[in-house]
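Take a look at the structure set out below.
Proteins get letters first, then strands, A, B, ... in listed order; numbering begins at 1 in each.
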2 protein chains.
Amino acid sequence: MNTKSKSELKRLEDAARAGWLYYVGKNTQDEIAQKLNVSRQSAQRLVALAVSEGLIKVRLDHPIAQCMDLAERLKSKFDLIDCEIVPSDPADPSAITGLAQRGSRVLEQYLKSEQPQTLAFGTGRALKACIDELPAMKCPHHQIVSLVGTMMSDGSASPYDIVVSMADRVKSKHYPMPLPVLASSVEEKNTFHQLQPVNNILNLAKQADVTFVGIGHMGPRSPLLVDGFLKQNELDELTQNGAVGEVISWIFNEQGQLLDSSINHRVASSPISVNSTKPVYGIAAGENKVSAIHAALQGKLINSLITNEFTAELILKQN
Amino acid sequence: MNTKSKSELKRLEDAARAGWLYYVGKNTQDEIAQKLNVSRQSAQRLVALAVSEGLIKVRLDHPIAQCMDLAERLKSKFDLIDCEIVPSDPADPSAITGLAQRGSRVLEQYLKSEQPQTLAFGTGRALKACIDELPAMKCPHHQIVSLVGTMMSDGSASPYDIVVSMADRVKSKHYPMPLPVLASSVEEKNTFHQLQPVNNILNLAKQADVTFVGIGHMGPRSPLLVDGFLKQNELDELTQNGAVGEVISWIFNEQGQLLDSSINHRVASSPISVNSTKPVYGIAAGENKVSAIHAALQGKLINSLITNEFTAELILKQN
DNA sequence: ATCCTTTATGAGCATATGCTCATGCTGTGG
DNA sequence: CCACAGCATGAGCATATGCTCATAAAGGAT
């Protein structure tokens, strides 16, 4: 195992020397070639060898390094298109200010595009905070479409109406979904979905160039409960059946599989369709969201993630 | 002075991100540009900034045989506790970048210790460069103490204030010595040394777990001359009396014996006390330092050495 | 010694990088 | 509100780098 031949050792030593001259001494490969008396190409190979053999260790001395590293690990573990980790405030690891900033930056990327883009949105506090961070822009060529019903069951507007406040800020054509979040029956849901305008919106959503959703957890402060879409006893039942979280109101278990529950059958939201080319960002952070986020990643309900350092660490610790 | 404006911090953060993507993530600058949403040139600038701000630390992990051999020979010849030889750049054998890197690595060893350590420092460019290579750490349990006065004779701060910049980086308790390097008279020196705080510092220094000093040479570019502590005629006189170098301002001859000169009597630095258990590192390299280093080793003014290949060879050639 | 396999080498090219310069933007003081 | 200094930006170019491929050298088996 550790039996390197003499010539290999020699070669490694040359590689070390070349690597040193390159990275520490800031020589060009031509200079190294001269000094070690080899051709430029060989010098290049030696430098590459030094790197691939791990003789050269690079490290970044900045708080961000940890975040970048976590992002990379999450990306490879869950096969994500993108993963953005923001530093967390140790005093308040659930704070969403950082997330909002980063989220708005990602959002801005798409809005800046010359090509007309279709952006789809779920709902929730984190998303709302992202929108609030957006600068005013003029983007009449883009389309903004809602994935979830934007009415309460009594017909009043939903408290986190992402699509409207967003469109207001960036002047894009927008499509709020004129439905309650939860239909009162499966039949009602089907009826709604067959309406021409609703059908149109659902199709748009399916083709969105990028999607942003929040991730809700189950528990006493679950958004579905707090916002009055579910009653305590309904929530309890879901939890007993293994529910750990929800994305655009679709409730899923620890593996990220949608629950076969009567409530899920009445969810009026756009169906979840995640492929590997169009990013579907989940935005969420906080200790109580860890299982939900982990499950969503596991079940590929999202393929991109924006969270914070604290949460990222916990997600990676989940088996 | 550590008050960076918000936009500067933001810029540094971007630089860190770019540096990470470039060196750790092996992205091209084009890819970085895309990911950070800036132009390719800006990405290039960010990477360069990360390097120049010292956010990127490179190190070589390979025992280069030649260096190991030189180190071994020096160690046995001069009975050293430790000896570190770094490869030299044939084109610039006096370059201190390599030394600095290695020095900071040694330093880091001590800083990483759980046990509270007392570290003592001389002054000089080489030491300063070591400090600059150190990563930011939190070491409130260690103590950093200066061996030499950190004022110029007019009371202004010394240009290479090792202890303060070091403590700044590692957050340790530190003791700069509130004295001029050279007292104006023996009496003044004695008065200073009897001051309670100064006495305390001198005691701390005596018990230091590890000591790092630069090694100065005599000659037209002698640090004592360049930094204005000695006048040309004083230097000439010292040289005539056999001076070849200095360590924390104590001037010594070819055998490493302190000169019995009026100047040495006025040196306000901590007395040199080298035993065989606590390392006292000399850090220096370059052709014109060879005699000084050799003498310091001979006279046991240091018991550990960090230098480069080129210098090490010349030291061994001295009779 | 000869032939064959394996590995190293350098030419040439496509791409990446670093740098300079002209331009435009921000922000400050009149 | 305007003028101007200072700084950030992106185009363009010279240079450095990484990679592929054809060829040469080295080593091994017969």
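A 6.0 Å sphere centred on CD of A:Gln34 holds no more than 12 heavy atoms belonging to other residues, nucleotides or ligands. Within a 6.0 Å sphere centred on CD of A:Gln109, heavy atoms belonging to other residues, nucleotides or ligands number more than 12. Sparse packing is recorded around NZ of A:Lys206, with 12 or fewer heavy atoms of other residues, nucleotides or ligands lying under 6.0 Å away. Atom NZ of A:Lys173 is surrounded by 12 or fewer heavy atoms from other residues, nucleotides or ligands within 6.0 Å.
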Distances for protein N or O near nucleotides 23-28 of chain C N or O, under 3.5 Å:
none

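Contact check of residues 25-40 of chain B against DNA chain C (heavy atom, cut-off under 4.0 Å) returns B:Thr28, B:Gln29, B:Arg40.
Remark: A:Arg17 engages A:Glu13 in a salt bridge, criterion side-chain N to carboxylate O under 4.0 Å.
Judged by distance alone, the side chain of B:Thr311 and the main-chain N or O of B:Gly286 form a donor-acceptor pair under 3.5 Å. Checked by atom type and distance alone, the side chain of B:Ser88 pairs as donor or acceptor with a backbone atom of B:Phe310 at under 3.5 Å. Between the side chain of A:Asn303 and the backbone N or O of A:Leu80 there is no donor-acceptor pair closer than 3.5 Å. Side chain of B:Arg169 to main chain of B:Leu134: a donor-acceptor pair is present (N/O by atom type, distance under 3.5 Å, no hydrogens or angles).
Nearer the 5' end of DNA chain D, as judged by each residue's closest nucleotide, is the contact made by B:Arg45, out of B:Arg45 and A:Tyr22.
Two residues are said to be in side-chain contact when any heavy atoms from C-beta on lie closer than 4.5 Å; A:Leu49 and A:Arg11 meet this criterion.
For DNA chain D, the outermost nucleotides in 5' to 3' order that have an atom under 4.0 Å from a heavy atom of chain A are D:dT17 to D:dT20.
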